[in-house]
Amino acid sequence: MTDEERRELARKRLAERQARLHGGTTPSNRGGRRTNSSGKSLSPQTQSRGAWVPRSSRGLQGSPSNQSRSSRVLGGVQSLFGRAGAFIQQFAESFGVKGVALVVVVLVVLLLAIFGIVNCAGSATSQAAEPPAAAEAQTNEAASEEPAAKKPETQQVSINKETLQNILGDDLAAQMIEKADQNEDVAWIASHPEEYGVDGERVQFKLLRLATLEPEAISFVRGFPESYPSDTGGACDEVAEGTVPRLYQWDPRWGYSVYSSTTFALTGCCPTALSMVYQGLTGSNDLSPYDMSLRAQEGGYMTTYNGTDTAFLTNEAESLGLSCESISVDADSLRSALSGGAVVICNVGAGDFTDGGHFLVIAGLNDDGTLKINDPFSAERSDKAWDIDRVLNQTMGLWAYRLA
């Protein structure tokens, strides 16, 4: 398969993946069914016309059961009044006014007792109707809390240990699985290693290893399946006068672009190193690593699968307003260049920085004589102070830059 066919395959996979991500429909409320605040579907009777009436209001005031009970009690009272009138008339004829007054008092007491019974019956009915409302409130509350009880994504992914071991080896696979327990993005990466094989097994290995060993690169690796390949690159804003900025080839602003047959994140160390040198010496941020990669491509310095030809470092310097001198690979020459204000690009072989070839920037000397190194592939290594002899033992070439 040619390089262009690989990139076309990657673009098609990216388009399909984006279609899956953005082309779906919202599953809720399909078929026109309405839901209440707890997310439960309403029955056809409760959906038709007007607002939904909660079950807690059924069987309360105005219900048939309450009305029939009250009617029976009041009917009995009315019947009692009719009988009481006849009784009072007969009693008055026999016992006089005092007797009538006594009977009236008895009737009043009897009426108060009857109305007390009616009120107690209504109160008991209301209290009996309250538990369903409270039960529904508890149900709704539980339903509203249900999403919070779901397991986080890191616990739902499935990591195939054997697959990772086949790609990374036992040690790196164990490190990735351990970090997957602590980081959601690493967990996703570890459970989807096939998403990183679009440019072959070697690229897949390097991307998964990058996520395992470089904490600051994890988000870049997580976004790779959705964002690669990209044909654009963002600008820089890190430059500060008198300092060499730290730039990384796996920065999302340019890391998803294609360079030397695959992702710039793995092959763009030389353009990234030269961009750091240019910005540090000129104080200008107009040429990002992506811009430098375009210069390398247009000048014919980009190689297939092998990054950048070293001729790019010397031949491009003048157009950048810089002077470039190739210096001897020894401690005295390197210290002299750095003490004189030069910024040095170093090409190293297999060792602490790479298992093949790699370009990095030596930005200066620390007070104890160790080297300040800006490694475009590793924030972890850039944070360390490096022994000069240890670095030189891995070095294949040194280029010292100054303002022209």
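A salt bridge between E380 and K384 is absent, with no side-chain N of the basic residue lying under 4.0 Å from a carboxylate O of the acidic one. The residues D170 and K161 are annotated as not salt-bridged, no charged nitrogen and carboxylate oxygen being separated by less than 4.0 angstrom. Using a 4.0 Å cut-off between charged nitrogen and carboxylate oxygen, R381 and D352 do not count as a salt-bridge pair.
Counting non-hydrogen atoms of other residues, nucleotides and ligands closer than 6.0 Å to CG of D237 gives a total above 12. Within a 6.0 Å radius of CD in E194, other residues, nucleotides and ligands contribute more than 12 heavy atoms. The local environment of CD in E318 is sparse, with at most 12 non-hydrogen atoms from other residues, nucleotides or ligands closer than 6.0 Å.
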| request: Output, in order, the C-alpha distance, side-chain angles, deciding distance and verdict of side chain to side chain contact (heavy atoms under 4.5 Å, CB included) for V361 and V343. | output: CA-CA 7 Å; V361 176; V343 179; 3.7 Å; yes
Point to revise | Test side chain to side chain donor-acceptor pair (under 3.5 Å) applied to S333 and D330, step by step | key: CA-CA 6 Å; S333 297; D330 62 71; 3.0 Å; yes
Discussion item. Could you go through Y248 and D375, starting from their C-alpha distance and side-chain angles, then the distance that decides it, and tell me whether this counts as side chain to side chain donor-acceptor pair (under 3.5 Å)?
Written reply: CA-CA 8 Å; Y248 300 104; D375 184 345; over 6 Å; no
Inset, instruction - Check the pair Q279 / S284 against side chain to side chain donor-acceptor pair (under 3.5 Å), numbers first and verdict last. - result: CA-CA 5 Å; Q279 294 190 41; S284 175; over 6 Å; no
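Residue pairs meeting the ring-ring contact (aromatic ring centres under 6.0 Å, His included) criterion with at least one partner in residues 329-362, sequence neighbours excluded, are F353-W386.
Pairing each heavy atom of N366 with each of L371, the nearest pair is ND2-O, 3.6 Å. Considering all non-hydrogen atoms of both residues, T303 and S260 come closest at O-OG, 2.5 Å. Smallest separation of non-hydrogen atoms from T395 and C346: OG1-SG, 3.3 Å. Across every non-hydrogen atom of Y228 and D199, the tightest pair is OH-OD2, 2.5 Å. Closest of all the heavy-atom pairs between D368 and T370 is OD1-OG1, 2.6 Å.
Between W250 and E216 there is a side-chain heavy-atom pair separated by less than 4.5 Å. No side-chain heavy atom of C269 sits less than 4.5 Å from a side-chain heavy atom of F377. Residues L313 and Y301 form no side-chain contact, since every pair of their non-hydrogen atoms from C-beta on lies 4.5 Å or further apart. In this structure, Q249 and F264 have side chains that are in contact, with non-hydrogen atoms separated by less than 4.5 Å.
Proximity of the aromatic rings of F220 and Y256 is defined here by a centroid distance below 6.0 angstrom, and this criterion is met.
Evaluated for a side-chain contact (heavy atoms from CB on, under 4.5 Å) with L208, the options L213, I189, V186 yield exactly one hit, I189. For the pairing with W399, the side-chain contact (heavy atoms from CB on, under 4.5 Å) check across N347, V344, I327 returns one residue only, N347.
Note: L266 CG to R202 CZ = 9.5 Å, rounded to the nearest 0.5 Å.
There is a side-chain donor-acceptor pair under 3.5 Å between T308 and Y259.
Considering only residues two or more places apart in sequence or on other chains, S288 meets the side chain to side chain contact (heavy atoms under 4.5 Å, CB included) condition with C236, W254, Y290, D291.
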